[in-house]
S.K.: 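After the structure tokens below, expect a handful of questions from me.
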Amino acid sequence: MSVAALLAGFAALPPPEGSLAAWAARVGTPDGDFPLIGAGTRAETYVALHWNGERCAALGPAVGPTLVGLAVGATRRRSVADLAAAVDAGLAAAAELSAPTVPVSTGVLTATVCAARLAGVPDTDLPALLDLAASLMLIGPPGVAPGHDPAAAWLALRAWDAGITGMPGGLAHTLAVVADGLPDRAGAVAAGHPVGSREVAAEVTRSDLAVADLVEALP
């Protein structure tokens with residue numbers, strides 16, 4: 001799904017109800033850093049990414065990397081073309097991962113690759129960043145906490161920027177703990193490259209449109 005199609009999907013979601021609405025009411029603030037999509041309020045970025053990931057999960061696997069990409073891209077003054085390429089890089093990296101025999105939230109890695117591309121993390125440093133992100137993965141059935149993926153990726157990048165590092169080889173070790181005979185995946189994930197800017201239509205056809213403008217336009 002293209003960035004444009006996903007943004008249209010965000011806009012088409014019905015108003016949040018039940019526990020999502022109560023959650024938004026509890027954490028929302030008009031001067032928050034990132035919108036709670038469709039709730040008419042905002043929240044601190046980590047909380048907003050978690051909430052939005054839960055709300056938008058049904059729109060597909062591109063939700064996590066796109067959400068964290070919007071948050072990182074807005075602060076790093078990136079364009080729509082940068083965002084699209086970064087989301088593609090994350091999804092391409094995910095395709096390199098075989099499903100572990102014990103489910104684990106490798107969506108954190110997908111979102112982290114996207115965030116890293118937008119933050120300008122050098123390819124040589126990406127395996128170490130993924131070792132750090134691996135410590136934030138959840139063990140559990142697929143989709144158990146979809147909001148965790150973009151929020152954890154954002155947290156991993158913030159920790160990296162603050163000089164925090166993970167255990168060397170942490171990604172391979174974590175996957176080995178939860179699955180039988182998995183080879184080292186850190187290099188494969190780090191080798192994920194953008195497959196080119198996605199086609200953006202309608203409101204986001206300009207590849208130089210700022211990601212910050214997309215964030216401000218979220219419902």
Side-chain angles (χ1 to χ4, degrees), residues 1-11 33-35 37 45 48-49 52-53 56-57 59-97 105-134 136 146 149-158 160-161 171 185-218:
M1 181 180 291
S2 71
V3 169
L6 201 51
L7 292 174
F10 290 166
D33 299 316
F34 197 88
I37 297 172
T45 301
L49 289 175
N52 285 316
C56 304
L59 296 177
V63 167
T66 298
L67 286 172
V68 75
L70 286 166
V72 175
T75 59
R76 306 284 176 140
R77 300 180 183 276
R78 303 306 186 202
S79 69
V80 167
D82 296 328
L83 173 62
V87 171
D88 283 335
L91 294 175
E96 299 291 335
L97 290 167
S105 60
T106 52
V108 172
L109 306 178
T110 303
T112 299
V113 170
C114 176
R117 299 292 181 194
L118 290 165
V121 175
D123 286 349
T124 53
D125 288 342
L126 188 53
L129 174 57
L130 292 172
D131 284 338
L132 177 60
L136 300 174
D149 293 346
W154 182 86
L155 182 60
L157 185 62
R158 287 292 298 268
W160 176 265
D161 286 342
L171 171 56
R185 291 303 197 307
V189 175
H193 296 295
V195 293
S197 296
R198 296 172 166 212
E199 180 180 348
V200 245
E203 296 87 352
V204 291
T205 48
R206 282 179 41 213
S207 63
D208 62 340
L209 186 66
V211 172
D213 292 334
L214 295 185
V215 173
E216 291 307 311
L218 289 173

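When a residue number appears, it is its place in the shown sequence, counting from 1.
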S.K.: Under 4.5 Å between any side-chain heavy atoms of Thr106 and Asp149, yes or no?
M.R.: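 The answer is no, as the side chains (C-beta and beyond) never meet within the 4.5 Å cut-off.
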
S.K.: Can you tell if the side chain of Ile37 reaches within under 4.5 Å of the side chain of Cys56, non-hydrogen atoms only?
M.R.: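 Result yes, sub-4.5 Å side-chain heavy-atom pair found.
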
S.K.: Could you report the tightest heavy-atom contact between Leu118 and Gly73, atom names first, then the distance?
M.R.: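 Nearest pair, atom of Leu118 first, then Gly73: CD1-N, 4.1 Å.
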
S.K.: Before giving the answer on side-chain contact (heavy atoms from CB on, under 4.5 Å), spell out for Leu59 and Thr66 the whole-Å C-alpha distance, their side-chain angles and the decisive distance to 0.1 Å.
M.R.: CA-CA 11 Å; Leu59 296 177; Thr66 298; over 6 Å; no

S.K.: Taking the side chain as every heavy atom from C-beta outward, state whether Arg117 and Asp82 have any pair of such atoms under 4.5 Å apart.
M.R.: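 No, every pair of side-chain atoms sits at 4.5 Å or beyond.
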
S.K.: Please find the pair of heavy atoms, one from Cys114 and one from Val87, that lie closest to each other, and give the distance.
M.R.: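 So the minimum-distance heavy-atom pair works out to SG-N, 3.8 Å.
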
S.K.: Please give me the minimum heavy-atom distance between Thr110 and Gly90, naming the atom from each residue.
M.R.: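 In terms of heavy atoms, the two residues are closest at CG2-O, 3.2 Å.
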
S.K.: Compare every heavy atom of Leu132 with every heavy atom of Ala156, then report the nearest pair and how far apart it is.
M.R.: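 The answer is O-CD2, 3.5 Å.
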
S.K.: Locate the shortest heavy-atom distance separating Ala119 from Leu157; write the atom from each residue and the value.
M.R.: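 That would be CB-CD2, 3.7 Å.
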
S.K.: How would you list, by chain and number, every residue that makes a side chain to side chain contact (heavy atoms under 4.5 Å, CB included) with Ala153, sequence neighbours excluded?
M.R.: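 Scan of Ala153 (side chain to side chain contact (heavy atoms under 4.5 Å, CB included), adjacent residues dropped) gives Val68, Ala111, Thr112.
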
S.K.: Got a sec, which residues hit side chain to side chain contact (heavy atoms under 4.5 Å, CB included) with Ala71, two or more places apart in sequence or on another chain?
M.R.: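 Residues passing side chain to side chain contact (heavy atoms under 4.5 Å, CB included) with Ala71: Phe34, Thr45, Leu49, Trp154.
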
S.K.: Nearest heavy-atom pair of Leu136 and Ala152: which atoms, and what distance?
M.R.: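 Looking at all heavy atoms of both residues, the shortest contact is CD1-O, 3.4 Å.
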
